[in-house]
Every structure is written in C-alpha cells, then in structure tokens.
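What follows is one structure encoded as structure tokens, with my remarks underneath.
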Amino acid sequence: MAHEIILTRDGSHSILHQTFDVTYHSIHGAIQETQHVFINSAFRLKAIVQEDISILEIGFGTGLNAMMTYLEAKRLDKKVDYCAIEAYPLTMETIRSLNYCEEMACLEEQKSFEQLHRLPWETTQQLDHNFSFKKLKQQIESVAFDNQFDIIYFDAFAPNAQPELWELSVFKHMFESLKPEGVLVTYCAKGVVKRTMKAAGFIIEAIPGPPGKREMTRAIKPSPRL
Ligand SMILES: C[S@@+](CC[C@H](N)C(=O)[O-])C[C@H]1O[C@@H](n2cnc3c(N)ncnc32)[C@H](O)[C@@H]1O
C-alpha cells in the first residue's frame, strides 16, 4: 500500500505517502497547519477587503484545505471560486476514514467533505450558494492560467521529495495565474525556494509558521503600478 493514515499532534489525521516517505501535512497538526498557513495567512486577509475570492490549490490531497476554506467562507459569508489540482487522487475508502469533521466538531458537514471528493473532475459545481468548486486531474507542471486567482495555496510535497514542483518554470506559471496583488502561500520557507519565487517576479514575505515551524512564506504578485 502506498498510503497510510497517521495521527498528527493536534489529533487530526494526515497521510504518509510511503513511496516518497513524506506526509501530506505537518506532523505537528494537520488542522492547525491549514488554519495557520492557508486560512489565517491568506484567505482571512483577502476576506477583509473582498466579497468574492478565487482560489487555486496546488495539491488537493485529502481536501482539508478546501474543506476548511468552505467552512470559513460560510462563517464569513463570502463567495469563493475554488479550483483544485490533483494528479493522484486518494480513494474514497481513505477519505471516509479521515477524522477532520469530527475534530472540527462539524459532523453535520461530513457529507460536504465527501462530496468534494465525489464530484466529477473538470467541471464546476456548487457545493452551496457560497462555494463553487472545480477539481482538475492534472500535473502541476502543466497548469497555466491567466490573471485569474486572488490566492494560490501552494501545497505540493516538500522540495526534497519532489524538487521538480518547486522550479522556476512552475513559479512563473503560478505568477501568471494570479491577479495583480494576488497572494501565494506555502508552508515552505527554504531560502532557495524564496529566491526562485523572487526570480519569478514575486515580492516575498517570511512570516511566522504554524506550530513546529519557525517560518512560512507569503508571496505577493505586485500590481503593475508598483
Ligand atoms: C502535501 S500533499 C497536499 C495536501 C493537501 N493540500 C491536503 O490538504 O491534504 C501534495 C499533493 O500533491 C499531489 N501531487 C504530487 N505530485 C503532483 C503533480 N505532479 N501534479 C499534481 N499533484 C501532485 C499529491 O498527490 C498530494 O495530494
């Protein structure tokens, strides 16, 4: 078996990818990591100034980032267009075993969580009136959009596991995919990654990381007048 469900330190599950020997989330806490890196450091900031927010997620995986964004959009009553890229989907058997709704005390949303995974690929669907959702079964390297997204959740496996996903060509595609003043967030704070993002045109911010990690990276696409 290539995947194993593991328990992280905040009590939420993650997945160990046995081939790459890498986990889908921080072992210090999967829910905590998503809350800090993606929701607090990007989504909530955009939600202060925008009613409609478009998001591209690189590496859909368990769907935890999408689920927590859906819940936050509901709480804040914001409209979200969410597009998730995933080349190697997990099985429904694995998805049903994950304890995210239980840990977030929202078992009534388990159906929505499973729905994110059941929905057909390559078509836009409404999960509810606030949340429009599309999954693309594609390789990250081939993704290219044009000035389309307010936020990118860059959640690929770490550079030591999949260095090809952290190359300049990928970040150039990410840069082009964002609207001006769009924000890319990642848990990764490696110097070489920040320098590569800078070379792609981003303004880089090193900000405090989630529990167990000193720093993470927020990268901004400057608006043309800057
Ligand atoms: C760190 S995990 C993502 C965790 C995910 N955001 C979550 O909340 O569970 C990285 C994801 O990228 C996917 N992936 C790996 N290589 C890829 C590629 N070349 N193109 C697209 N997705 C890829 C993996 O299958 C995995 O789901």
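Heads up: numbering here begins at 1 and tracks the sequence. Just follow the structure's listing: the first ligand is 1, and inside any ligand the first atom is 1. Being a predicted model, the structure only gives us computed values, none of them experimental.
- In this view, Ala158 and Asn160, Tyr187 satisfy the side-chain contact (heavy atoms from CB on, under 4.5 Å) rule, not counting sequence neighbours.
- For Ser26 against Glu33, the heavy-atom pair with the smallest separation is N-OE1, 2.9 Å.
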List of N/O pairs, ligand 1 versus protein, all under 3.5 Å?
| from | atom 1 | to | atom 2 | distance (Å) |
| --- | --- | --- | --- | --- |
| ligand 1 | 6 (N) | Glu57 | OE2 | 2.8 |
| ligand 1 | 6 (N) | Gly59 | O | 2.6 |
| ligand 1 | 6 (N) | Asn65 | ND2 | 3.2 |
| ligand 1 | 6 (N) | Asp155 | OD2 | 2.7 |
| ligand 1 | 8 (O) | His25 | NE2 | 3.2 |
| ligand 1 | 8 (O) | Thr62 | OG1 | 3.4 |
| ligand 1 | 9 (O) | His25 | NE2 | 3.1 |
| ligand 1 | 9 (O) | Thr62 | N | 2.8 |
| ligand 1 | 9 (O) | Thr62 | OG1 | 2.5 |
| ligand 1 | 16 (N) | Gln162 | OE1 | 3.3 |
| ligand 1 | 16 (N) | Gln162 | NE2 | 3.1 |
| ligand 1 | 19 (N) | Gln139 | OE1 | 2.8 |
| ligand 1 | 19 (N) | Glu141 | OE1 | 3.1 |
| ligand 1 | 20 (N) | Ile140 | N | 2.8 |
| ligand 1 | 22 (N) | Ala87 | N | 3.3 |
| ligand 1 | 25 (O) | Glu86 | OE2 | 2.6 |
| ligand 1 | 27 (O) | Gly61 | N | 3.4 |
| ligand 1 | 27 (O) | Glu86 | OE1 | 2.5 |
| ligand 1 | 27 (O) | Glu86 | OE2 | 3.4 |

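- Remark: Arg96 engages Met92, Glu114, Arg118 in a side-chain contact (heavy atoms from CB on, under 4.5 Å) (not counting sequence neighbours).
- Legend: salt bridge (Lys or Arg N to Asp or Glu O under 4.0 Å) pairs involving residues 126-136, not counting sequence neighbours: none detected.
- Using cut-offs of 30° and 60° for the angle between ring planes, the Phe202 and Phe175 rings count as perpendicular.
- With contacts defined as side-chain heavy-atom distances shorter than 4.5 Å, the pair His13/Ile6 does not qualify.
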